[in-house]
K.L.:
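Here it is, the structure, as structure tokens.
Heads up: numbering here begins at 1 and tracks the sequence. Order of appearance sets the numbers: ligands from 1, and atoms from 1 within every ligand. Here the structure is a predicted model, which is why all the values come from computation and not from measurement. Below, all heavy atoms of this structure are taken into account, side chains as well, without hydrogens, waters or symmetry copies.
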Amino acid sequence: LIAGTPDAEIVAVGSELLTPSRLDTNSLWITDRLNLLGVEVVGKLIIGDDRNRLAAAVSSALTRTPIIIVTGGLGPTEDDVTRDAVAQALKRRIEFRQDLCDQIADRFARMNRPMAEINKRQAWAIAGSAALPNPNGTAPGLWIEDAGRIVMLLPGPPRELKPMFTDHCEARLRAALPELHIATVQFRVAGIGESDLDALISPVYMQYTNPVTTVLAAPGDVQVHLRARCASQQEARALVNEVGAQVETLLGDRIYSRNGDPLEAALGHLLRERGETLSVAESCTGGLLGERITSVAGSSDYFRGGFLTYTNEIKAALLGIDRDLLAKHTAVSEPVALAMAAGARERTKSTYALSVTGYAGPDDGQGVPVGQVFLGLASAQSVQAREVRFIGDRERIRSLAAITAMDWLRRRLMR
Ligand code: ATP
């Protein structure tokens, strides 16, 4: 049925979705399911409960995109305008279907409740549409094929929409689509910002429209997703591998996972493989580093423990740091980062120890700027420190400090 590129647009209907209190989550879920079928979502729209506005939106989507999915506004009340608006956009009639009415009546009978007159509105369907059963609600969905295009009308509540889509839309879609296979590669990268990463790899991925490359960024964690769609799985795999290999060469050991694993899991994997152990000594991260490391199931195989040493007294008491050293250099200093790592390693008898000391702000510490952090890494061979400077708020600085510490050890173990 669909001849060209099987792209989709999603229209979420509901005035509540235009307020700060309700989020359109349906479209995210649908996008994920569509992508698995080789369908890209090329546009999304949120429209309030306004028939003419919705009809105009659907009309214009129909001129450019072959698959349109409209969610919500199928209820029985006056403000549920989806059926009428889409009929208007498709220039089709609305017709009463006795079989749908019987099904709705049957549902009320099973719930032992009288069916309100207004529920009959849900038995009206767009002429030529196929009704999609809704075992979890009263409103049936509608499936319409129209001149090489597909329009789906799905109920708004996620617990009604999801089973309807998987049980009734996916098989129909698959049958309507050209043979398509998807192959994906996902790199997670540390130690480089989004814009530097993009500058580095865009000369490669810009040469290809297939696979599609997406760069997703969060502080300290950039992800590169490649997705190829081809007529065969073999072709799609070959294409993502071709581009993926070039991206890998450019990013080198900054790539810490290829399977979606977070940094702490990648680090844990390396430690377990080598039969080595880790401990931590933290100041400004306040336990965040230990928290991240232990968020991985099975981390007790390699993580021995940590010291949360916030004040100088506790640094001295728990890690054995010389009080004179603390007085001379202050807690946020290279010598203290070194002593913290060495102290933690010695006390836990771990193979490695990481330490973090810094100013997370918002106030600076006696002339030391906010974001100034010293990291320490102790091993049997050496104790080293690194000075790093992060910009951002307290939360971001603490998070980047924990990430940078873990990534330092990870890269050491990769060598
Ligand atoms: P009903 O038959 O239950 O009235 P409907 O198709 O008319 O279904 P709406 O009335 O538009 O659906 O939405 C019902 C509820 O579903 C909303 O209050 C909201 O909680 C949820 N919902 C609607 N649209 C979305 C969306 N895009 N993402 C997440 N939730 C949604």
K.L.:
May I ask you to identify the nearest protein heavy atom to atom 21 (C) of ligand 1, giving residue, atom name and distance to one decimal place in Å?
P.N.:
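Its nearest protein heavy-atom neighbour is Gly156 O, 3.8 Å.
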K.L.:
Verify the distance criterion only: is there a donor paired with an acceptor across the side chains of Thr294 and Ser299 at less than 3.5 Å?
P.N.:
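There is no such pair between these side chains.
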K.L.:
Check whether any side-chain heavy atom of Cys230 lies under 4.5 Å from a side-chain heavy atom of Leu239, and answer yes or no.
P.N.:
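A side-chain contact under 4.5 Å exists here.
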K.L.:
Write out the residue and atom name of the closest protein heavy atom to atom 17 (C) of ligand 1, then the distance separating them to 0.1 Å.
P.N.:
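Ranking protein heavy atoms by distance from atom 17 (C) of ligand 1, first comes Glu16 OE2, 3.5 Å.
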K.L.:
Would you check the N or O atoms of Asn26, main chain and side chain alike, for any that come under 3.5 Å of an N or O of ligand 1?
P.N.:
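Yes: some nitrogen or oxygen of Asn26 is under 3.5 Å from one in ligand 1.
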K.L.:
With a cut-off of under 6.0 Å to the ring centre and 45° to the axis, is Arg172 in cation-pi contact with Trp143?
P.N.:
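Ring-cation test returns yes.
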K.L.:
Decide side-chain hydrogen bond (donor to acceptor under 3.5 Å, both in side chains) for Asp106 and Gln103; before the verdict, give the C-alpha distance in whole Å, the side-chain angles of both, and the deciding distance to 0.1 Å.
P.N.:
CA-CA 5 Å; Asp106 185 51; Gln103 282 164 24; over 6 Å; no
K.L.:
Judged by modelled atom types alone, do Asp7 and Thr65 share a side-chain donor-acceptor pair under 3.5 Å?
P.N.:
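No, no side-chain donor-acceptor contact under 3.5 Å.
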K.L.:
Any idea which protein heavy atom is nearest atom 2 (O) of ligand 1, and the distance to it?
P.N.:
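Among all protein heavy atoms, the one nearest atom 2 (O) of ligand 1 is Gly75 CA, 3.5 Å.
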K.L.:
Do Asp24 and Ser27 have side-chain atoms, one donor and one acceptor, less than 3.5 Å apart?
P.N.:
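Result is yes, a qualifying pair exists.
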K.L.:
Will you find, in the side chains of Asn136 and Glu160, an N or O donor that is under 3.5 Å from an N or O acceptor?
P.N.:
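Their side chains do not contain a donor-acceptor pair, so the 3.5 Å distance test is not met.
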K.L.:
If you compare all heavy atoms of Val81 against all heavy atoms of Glu78, which two are closest, and at what distance to 0.1 Å?
P.N.:
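Taking Val81 first and Glu78 second, the nearest heavy atoms are CG1-O, 4.0 Å.
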K.L.:
Check each atom of ligand 1 against the heavy atoms of Leu74 and keep those under 4.0 Å away; list them by number with element.
P.N.:
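Matching atoms, with element in brackets: 5 (P), 6 (O), 7 (O).
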K.L.:
Report, in ascending order of atom number, the atoms of ligand 1 lying under 4.0 Å from any heavy atom of Gly73.
P.N.:
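Selected atoms, number and element: 5 (P), 6 (O), 7 (O), 9 (P), 11 (O), 12 (O).
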K.L.:
Answer yes or no for Arg386 and Trp408: cation-pi contact, defined as NZ/CZ to six-membered ring centre under 6.0 Å and angle to ring axis within 45°.
P.N.:
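So Arg386 does make the cation-pi contact.
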K.L.:
Can you report which non-hydrogen protein atom sits closest to atom 29 (C) of ligand 1, along with the distance?
P.N.:
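Closest protein heavy atom to atom 29 (C) of ligand 1: Thr25 OG1, 3.1 Å.
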K.L.:
Is it the side chain (CB and beyond), the backbone, both or neither of Asp24 that lies under 4.0 Å from ligand 1, heavy atoms counted?
P.N.:
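Under 4.0 Å from ligand 1, Asp24 contributes backbone and side-chain atoms.
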K.L.:
What atoms in ligand 1 come closer than 4.0 Å to a heavy atom of Gln122?
P.N.:
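Listed by number with element: 2 (O).
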K.L.:
Give the numbers and elements of all ligand 1 atoms closer than 4.0 Å to a heavy atom of Asp80.
P.N.:
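Those of ligand 1 that fall under 4.0 Å from Asp80 are 7 (O), 10 (O).
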K.L.:
Out of all atoms in ligand 1, which are within 4.0 Å of some heavy atom of Pro155? Include the element for each.
P.N.:
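Atoms satisfying the 4.0 Å criterion: 6 (O).
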K.L.:
Please state which protein non-hydrogen atom is closest to atom 19 (C) of ligand 1 and give its distance, to 0.1 Å?
P.N.:
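Answer, as residue, atom name and distance: Arg22 NE, 3.6 Å.
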K.L.:
Show the atoms of ligand 1 that are less than 4.0 angstrom away from any heavy atom in Gly72.
P.N.:
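Answer, ordered by atom number: 6 (O), 11 (O), 12 (O).
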K.L.:
Looking only at the side chains, is there a donor atom on one of Ser279 and Thr348 sitting less than 3.5 Å from an acceptor on the other?
P.N.:
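Checked: Ser279/Thr348 side chains pair up, N/O donor to acceptor below 3.5 Å.
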K.L.:
Can you report which non-hydrogen protein atom sits closest to atom 15 (C) of ligand 1, along with the distance?
P.N.:
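Minimum-distance protein heavy atom for atom 15 (C) of ligand 1 reads Pro157 CG, 4.1 Å.
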K.L.:
For ligand 1, does Leu23 get within less than 4.0 Å through its side chain, its backbone, both, or neither, judged by non-hydrogen atoms?
P.N.:
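Backbone only.
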